[in-house]
Amino acid sequence: MDVDTALTTTRSVRRKLDLDRPVEDGVLIECLRIAMQAPIAGNRQDAIRWLVVRDPELKARVAEPVREVAEAAQREYGHLVAPRSLASARFLKDNLHRVPALVLVCVAGQPEGGNAELTGFYGSIYPAIWSFQLALRARGLGSTITGYHLFGHEEEVARTLGIPEGYTQVALLPVAYTTQQEFRPAARPPVEEITYLDRWGSRVS
Ligand SMILES: Cc1cc2nc3c(=O)[nH]c(=O)nc-3n(C[C@H](O)[C@H](O)[C@H](O)COP(=O)(O)O)c2cc1C
């Protein structure tokens, strides 16, 4: 797969996750090794931890708060979401415990300070998360960034998985092989309308 295809067809995969096909440790490690080549601010490389959850009982315990938060969010905001996306989100919340691997991304420290500090904190992990997703896609696997459990259940998940104090959980990614290989680019605003030249508001073309 060429780079542009990977970049434009790596979608958030939920319903097309293959819940029955095992995911080998080797492919995860390979993708995480690639992910760690992403840009990381300053000396933050050592702050990143990837926690791969495979144990069925632990997955079920992590999936529980995710389901709770997702159900509440879908009750409140479901009407604002396209039916296809809502069905996809519902599938994930109902089947999270069945996904072969849940990858929890953690960073040492707490997000604090102003724009510059927060950019360094989250900006040091999100390029790696995206690289991880791209590397998975190139090998026939898919994933979705989720943050549901961070709404009020981060400590509970930390206790379940033995995450030490001082680590912030950034995202939980269900990872599986995908049941199809064809994915299309997403609808996005025309880039000419959101790109300016020299002065805010002046169009590039
Ligand atoms: C920071 C961040 C948090 C996200 N949290 C969730 C989430 O909690 N649940 C979920 O299903 N998708 C989540 N997503 C995925 C987006 O909802 C997803 O990108 C969106 O469905 C659009 O899909 P597309 O990128 O394939 O167009 C998150 C994405 C990002 C970047």
Side-chain angles (χ1 to χ4, degrees), residues 1 3-19 31 35 38-41 48 50-51 53 59 62-107 110-111 115 118-138 140-154 156-157 168-176 178-191 194:
M1 181 179 297
V3 175
D4 286 359
T5 304
L7 286 167
T8 53
T9 65
T10 300
R11 304 264 60 87
S12 296
V13 187
R14 302 180 188 89
R15 271 184 296 186
K16 303 284 163 52
L17 294 173
D18 189 337
L19 304 176
C31 293
I40 299 170
I48 298 171
W50 308 88
L51 179 51
V53 185
K59 283 194 296 181
V62 170
E64 216 172 284
V66 170
R67 194 178 313 114
E68 196 182 300
V69 174
E71 262 164 19
Q74 286 160 16
R75 263 197 309 275
E76 198 168 338
Y77 305 110
H79 63 287
L80 302 173
V81 181
R84 215 168 143 260
S85 303
L86 187 60
S88 174
R90 285 203 167 120
F91 176 88
L92 187 63
K93 75 143 171 84
D94 290 335
N95 291 285
L96 191 70
H97 60 291
R98 296 179 57 206
V99 179
L102 305 181
V103 177
L104 183 60
V105 190
C106 303
V107 180
Q110 304 295 326
N115 186 25
L118 293 174
T119 293
F121 189 85
Y122 289 107
S124 288
I125 189 65
Y126 264 100
I129 293 175
W130 178 231
S131 288
F132 178 55
Q133 294 188 287
L134 291 167
L136 290 169
R137 164 81 172 124
L141 295 94
S143 63
T144 290
I145 297 169
T146 78
Y148 294 120
H149 79 281
L150 304 179
F151 291 94
H153 297 275
E154 187 175 349
E156 176 188 334
V157 167
T168 297
Q169 298 166 45
V170 173
L172 179 74
L173 286 87
V175 173
T178 55
T179 55
Q180 68 175 48
Q181 291 310 311
E182 292 301 310
F183 291 92
R184 278 181 306 199
R188 295 288 193 252
V191 78
I194 56 169

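Side-chain atoms are counted along with the backbone in the values below, which use heavy atoms only and exclude waters and symmetry mates. All ligand and atom numbering here is 1-based and tracks the order in the structure.
Protein residues lining ligand 1, listed by chain and number: R11, S12, R14, Y126, T144, I145, T146, G147, Y148, A186, R188 [non-hydrogen atoms, distance under 4.0 Å].
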Side chains of residues 71-89: which donor-acceptor partners sit under 3.5 Å, not counting sequence neighbours?
from	atom 1	to	atom 2	distance (Å)
E71	OE2	K93	NZ	3.2
H79	ND1	E76	O	3.4
S88	OG	R14	NH1	3.3

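No more than 12 heavy atoms of other residues, nucleotides or ligands lie within 6.0 Å of CZ in F151, so this atom counts as exposed by the packing criterion.
Rounding to the nearest 0.5 Å gives a distance of 11.0 Å between CZ of R137 and CG of L7. The structure places CG of L92 at 6.0 Å from OG1 of T144, a figure rounded to the nearest 0.5 Å. How far OG1 of T178 is from CG of L136: 10.0 Å, rounded to the nearest 0.5 Å. In this structure, NE2 in H149 is found 10.5 Å from CG in L102, a value given to the nearest 0.5 Å.
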